[in-house]
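Just below is one structure, and these are the notes that go with it.
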2 protein chains.
Amino acid sequence: MTEKSSASRVHAQLRDMAIRFAFKPGERINESALTRALDVSRTPLREALNRLVAEGFLTLRPGQGFFCRALDPQQVAELYQLRTALEVEALRLGLQAEDAALTALGAHLDASEASYAACTDVAELVRMDEAFHLALAGLAGNGELLRMLTNVNERIRYVRMVNLRQLRSGAGEDLSAHRRITEAVLRRDAGAAEAALRGHIERRAEETRALVRLAYSQLYVPD
Amino acid sequence: MTEKSSASRVHAQLRDMAIRFAFKPGERINESALTRALDVSRTPLREALNRLVAEGFLTLRPGQGFFCRALDPQQVAELYQLRTALEVEALRLGLQAEDAALTALGAHLDASEASYAACTDVAELVRMDEAFHLALAGLAGNGELLRMLTNVNERIRYVRMVNLRQLRSGAGEDLSAHRRITEAVLRRDAGAAEAALRGHIERRAEETRALVRLAYSQLYVPD
DNA sequence: GTATCACAATCTGTATACAGCTCTTAATGC
DNA sequence: GCATTAAGAGCTGTATACAGATTGTGATAC
């Protein structure tokens, strides 16, 4: 069953590790240690690392090797703005989709709403949250846009998990945000849909911004 | 003076080649030939190729190697939509910038308008066009957004050159589009600025779409 | 003339080897 | 005790070697 190449397999593994900050922010990545951990030679390992650099998960300092990306408020804020840009434009485009696609989105929400409210696993929660937003953005039928949005999502997934954990433990989560967006979409009300979506993302961005600023010390929880 | 690593140097060279479609769309890339042409071994070459895959310039078919990206109307349309998404949101954010930054954009336009109208070199024309849009997007102060926009620009630069060449030889170029956008920005008129920018990009996208569809056969001009 | 199959050449993907640089550490001088 | 420095280990970046797969070619059968 090990059909795929070592490089792509290692690339997927390393991306998962980078998403969950298995490498600490700013940390240097030891290639020799990784070859032992992942049981590959340095050639495919470095090919995967180079791809992760291009994807924004790592940086490469010449002569010093690969480092994990930083995790500062500025970077997170920028990525949330990027997410807004992509999702809002995708929404505009998606409103041109045919009725069947829109009602499918509504059905998706109806089906997942209950399990979303009942879910206690934060990772699963984020997965469902991302799934809704990706389904919404998918209405645009733009593969490149979806690819970039997926990349942005992966790069902020960690702080998004912390954000949702906080919301669940605290008081403030607004479970009807997705519903309001979806209803505006079903009405093909572009103004209301865009306002709801933009407000939803920016609210989460603001929460996360405060989180990253104030709680940086406990933001990284080692295994 | 050869300070930088082979891999990054080769990466820059290959990106330039990919931008100008020195590799034909869909063409398979012969690594051995490239090692001779660029005078490096396959290891840094393949590291650079892997980064270009992540950047969207190439694709990698398992067991068959690297291929140049396609050049089909759908792909181009998607990238133009992506450009709209990024630039429009950057404009929204940029309107919050301080006066000095806005007037600097106006000065940039004043300074370049004459040479833009007089310029006959299409490559230089595209460079100036991109420079204006990047300066506009730069007002947002979002490095990640600018990075993605730069990548999108590089991937559509070839068709943009063809588009501008056609506009210059024909009748239709609207040289005042940038001016109208800038004036709305200086007035901090968000609605007018967004409408002008969106209309400008979508007009060019539509021209390019027709171009790619109808003139695909002469779109690729080998050296 | 067309399809099938075998063989050879070529290419991809990976492992390994090695040169040069970087960082650490220990020793020395003050 | 502290800064400086020199030696050593470890690491990065690149070249090369090799196994397996793929593609192209030519022969053969029909």
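Reminder, nothing fancy here: chain letters follow the sequence lines and each chain counts from 1. Both backbone and side-chain heavy atoms feed into the values below; hydrogens, waters and symmetry mates do not.
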Check your understanding: What bend angle does the helix from C/dG1-D/dC30 to C/dC30-D/dG1 show across its length, from five-pair end axes and to the nearest 10 degrees?
Key -> 0°

Point to revise | Contact summary for B/L38 and B/Q13, nearest pair of heavy atoms | key: CD2-OE1, 3.8 Å

Practice item. Flag the pair A/R127 and A/E124 as a salt bridge only when some basic side-chain nitrogen lies within less than 4.0 angstrom of an acidic carboxylate oxygen. Key: yes

Exercise for review: Would you mind reading off the distance between A/D39 atom CG and C/dT16 atom P, rounded to a whole angstrom?
Suggested key: 10 Å

Exercise for review: For side chain to side chain contact (heavy atoms under 4.5 Å, CB included), just list the numbers for A/E154 and A/R15, CA-CA rounded to whole Å, side-chain angles, deciding distance to a tenth of an Å, and then say yes or no.
Suggested key: CA-CA 9 Å; A/E154 289 171 344; A/R15 190 181 49 197; 3.6 Å; yes

Review point. Distance only, no hydrogens: is a donor on one side chain within 3.5 Å (strictly under) of an acceptor on the other, for A/H11 and A/E55?
Key: yes

**Study point:** Pair B/E144 + B/R147: basic N to acidic O under 4.0 Å
**Key:** yes

**Study point:** Within 45° cone and under 6.0 Å: A/R61 NZ/CZ vs A/F67 ring
**Key:** yes

Check your understanding: Can the positive tip of A/R69 be found less than 6.0 Å from the middle of the six-membered ring of A/F21, inside 45° of the ring normal?
Key -> yes

Practice item. Would you confirm whether the ring centroid of A/H178 sits within less than 6.0 angstrom of the ring centroid of A/H108? Key: no

I'd like a table of atom pairs between the protein and nucleotides 8-14 of chain D - only N or O on both sides, under 3.5 Å - with the distance next to each one.
from, atom 1, to, atom 2, distance (Å)
D/dC11, OP1, A/N30, ND2, 2.9
D/dC11, O3', A/R28, NH2, 3.2
D/dT12, OP1, A/I29, O, 3.2
D/dG13, OP1, A/G63, N, 3.2
D/dG13, OP2, A/R46, NH1, 2.8
D/dG13, OP2, A/R46, NH2, 3.3
D/dG13, N7, A/R42, NH2, 2.8
D/dG13, O6, A/R42, NH1, 2.9
D/dT14, OP1, B/S6, N, 2.4
D/dT14, OP1, B/S6, OG, 3.4

